[in-house]
Structure formats: structure tokens, C-alpha cells
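Heads up, the thing below is written out as C-alpha cells.
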Amino acid sequence: MTNSIQQNSADWLVVGKGAIGLLSACRLQQKGERVQLWLRQPAPLKVAFTALEGSLQQHQFAPWPKDKAAKLALIAVKAYDALDCIRQLQPQLAEDASLILSHNGLGTLASIQAELKPKQQLWFLTTTHGAYIKADKAATRQVVHSGGGNSILAAIGPNAIHQEPDWQRALAKALGPLQRVTDIQPFLWQKLLINCLINPLTALHQVPNGALASPRFAAELDGLFNEFCLLAAAVGYPQDQAAAWQQLQQVIQRTASNRSSMLQDRLAGRRTELAFITGFVLREAERCGLVLPKHQQLYQQCQDAGF
Ligand code: KPL
């Protein structure tokens with residue numbers, strides 16, 4: 001099945017050819033949105049997309065034209081690339097563009113905000129939809145939507161608008177169920193808890209997420225969890241410990257056969273988001289005068305292992 005374009009939909013510029021960028025591009029196109037990608041090469045990108053229920057769909061994305069100002073951009077690049085990406089993108093953006101940023105980890109928003117023009121609005125999207133890229137075949141990228149999830153969206157910044165943006169429905173169809181909130185920070189801390197336990201442990205031991213349910217990891221998970229809860233309370237995002245622990249176990253079960261994004265990065269020899277996940281946790285702990293020996297040790301082990 002090849003996906004067609006619907007009239008009167010928004011023009012989406014999707015930046016990032018990783019799993020979440022291409023999942024978003026394919027799902028938006030499937031829902032009738034016009035989607036173009038930020039591509040270096042002039043040729044369109046072909047994507048073979050395996051949907052959640054297993055069907056295979058063919059998508060094609062043209063590069064965003066150099067002379068066209070983007071009013072709506074979904075930027076799904078790694079945390080460490082986000083600031084540079086916004087700087088490079090800026091000449092291509094409309095004066096009143098909406099930028100939807102999505103990545104794991106925390107610590108990028110203040111510097112990105114400082115790069116924006118007065119009428120440009122930053123949004124953050126956090127999603128638990130799972131996707132991965134299979135080995136590329138010829139000129140076609142293969143993307144698998146491996147797990148259904150939900151998404152949280154919020155406007156960022158002191159002058160953030162709080163009414164529903166006109167593109168929210170399309171995003172909800174693509175990556176829903178979607179909830180728009182006024183303060184994304186508590187949700188980012190919930191996601192950080194999951195990422196700072198699952199990602200470095202799975203990447204260090206080179207195991208799928210489900211392995212963390214084994215008794216071998218019980219004491220380490222427990223220790224990391226308790227330290228995280230201390231920190232979260234100190235910075236003003238106290239966790240409901242029973243609910244947070246249950247959510248962690250659910251993610252481990254629901255994504256049992258998945259390789260975490262950090263393990264995928266490590267295996268592919270790419271830079272990981274460790275500095276924006278465990279690194280961020282440790283910087284926040286230092287700011288609050290807390291010492292988190294278990295997170296420190298894990299960070300050190302990851303660094304010693306070369307990522
Ligand atoms: O977000 C993830 C990641 O891998 O980055 C989890 C939720 C751990 C799923 O693998």
C-alpha cells in the first residue's frame with residue numbers, strides 16, 4: 001500500500017531519520033498529512049514501514065525545499081544533536097514556526113529556547129511508542145513500529161501558549177493517545193526514571209529490556225530506583241513510589257524483547273545519550289547537594305566501557 005496525500009492538511013517538516021523521526025513521519029503520512037524530511041541529499045527517502053499489526057507499508061518522503069519556510073517542524077534527533085540542529089534549521093524556519101522537540105533525557109530546553117525568535121513556539125513531545133530501524137536494504141530504510149504507547153505534549157517557555165494548536169489532532173492520530181499538559185516537567189521526570197534505569201543497565205550488560213526482570217538485576221534496580229526517588233523529591237518532582245515502580249516493571253515487560261535505544265546506539269558504535277540521562281541525574285544531584293553512589297558507579301562503568 002502506498003500512502004496518499006490529503007488536501008488541507010498541515011505541511012510537516014520532520015527532522016531526524018532515526019526510529020522515532022521516521023515512525024512519526026510514516027504515521028503522519030498514513031493519516032493524510034503532508035510530510036517532508038530534512039534530507040541532505042536531493043533524492044526522496046523511501047521507507048518500508050512495518051505497522052503495529054504487522055502489515056508492511058511503503059512510504060516516500062521528499063526533501064524539504066531549500067526555499068520554503070517551515071511553519072511546523074517535528075525534531076526527533078538525539079539530545080546531544082538538538083541544539084546544533086535548531087541552529088542549522090533556523091534560516092529555514094518561519095518567524096512564527098512551531099517546533100516540536102522529542103528526545104530522551106533532559107537538559108536541552110533552556111539553550112534551545114535561547115536560539116528561538118520571539119514568535120517561534122517550542123513544544124516538547126514525550127512518547128512511549130516503540131520503534132526501531134532494521135538494517136537498511138538498498139535505498140529503502142526499514143522501520144518497525146514495535147510497541148504501542150502514548151504521548152504527552154506541552155508548550156515550553158515563559159510565554160508558552162496553552163490553547164490547542166491546529167496540528168494537535170493530526171499528531172494525536174499519529175502518536176496517540178495524546179495528552180496536552182501545561183507543565184511537562186513531571187512527565188519528563190517519570191520518563192527519566194525509566195530511561196536512567198533501563199538504558200544504561202541494558203547497554204552495559206548488552207541485554208534486552210526484559211532481562212532486567214531477572215533476580216540478577218533486582219538489587220541494582222532497587223538501589224538505583226531509591227536514589228532516583230530521593231533526587232526527584234529534592235528537585236520538586238516527588239514520585240509516587242508504588243506507582244513509579246509498577247510503571248517501571250510494566251515498561252520492562254511490555255518492551256521485554258526490545259533493545260533499549262542506548263543498547264542500539266552502543267551496538268552501532270554511535271554516541272549514546274548517557275550524558276543527558278545518567279549525566280543529567282548526577283548534575284542535578286550535585287546541584288542539590290546529594291550524592292547518588294549507585295548512579296555514579298553505573299555512569300563510571302558505562303564510561304569505562306567506552307560509551
Ligand atoms: O525509551 C526507551 C529507550 O529505549 O530509549 C525505553 C522505554 C527504555 C524502551 O526501550
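Both counts, for ligands and for their atoms, begin at 1 and track the order of listing. It should be emphasised that the depicted structure is a prediction, and the values quoted were computed from it without experimental measurement. Values below: every heavy atom of this structure, side chains too, minus hydrogens, waters and symmetry copies.
- Checked for salt-bridge contact, Asp265 and Arg270 meet the test: a charged N lies under 4.0 Å from a carboxylate O.
- Looking from atom 1 (O) of ligand 1 to the surrounding protein, the closest heavy atom is Asn195 ND2, 3.1 Å.
- Nearest protein heavy-atom neighbour of atom 5 (O) of ligand 1: Ser261 OG, 2.5 Å.
- Looking from atom 8 (C) of ligand 1 to the surrounding protein, the closest heavy atom is Asn199 OD1, 3.3 Å.
- No side-chain N or O of Gln120 forms a donor-acceptor pair with one of Glu115 less than 3.5 Å apart.
- Residue Arg169 qualifies as open at atom CZ: its count of foreign heavy atoms under 6.0 Å is 12 or below.
- Judged by the shortest distance from any of its heavy atoms, Lys191 lies inside the 4.0 Å radius around the atoms of ligand 1.
- The option with the heavy atom closest to atom 10 (O) of ligand 1, from among Thr255, Asn209, Asn104, is Asn209.
- Those atoms of ligand 1 with a heavy atom of Ser260 less than 4.0 angstrom away are 4 (O), 10 (O).
- Nearest heavy atom pair, residue Cys196 against residue Phe228, reads SG-CD1, 3.6 Å.
- In Ile198, the part holding a heavy atom less than 4.0 Å from any atom of ligand 1 is the side chain.
- Of all protein heavy atoms, the one lying nearest to atom 7 (C) of ligand 1 is Val251 CG1, 3.8 Å.
- Under the 3.5 Å distance criterion, the side-chain polar atoms of Gln36 are left unmatched by any main-chain donor or acceptor of Ala62.
- Neither side chain, Gln90 nor Arg87, offers a donor N or O lying under 3.5 Å from an acceptor on the other.
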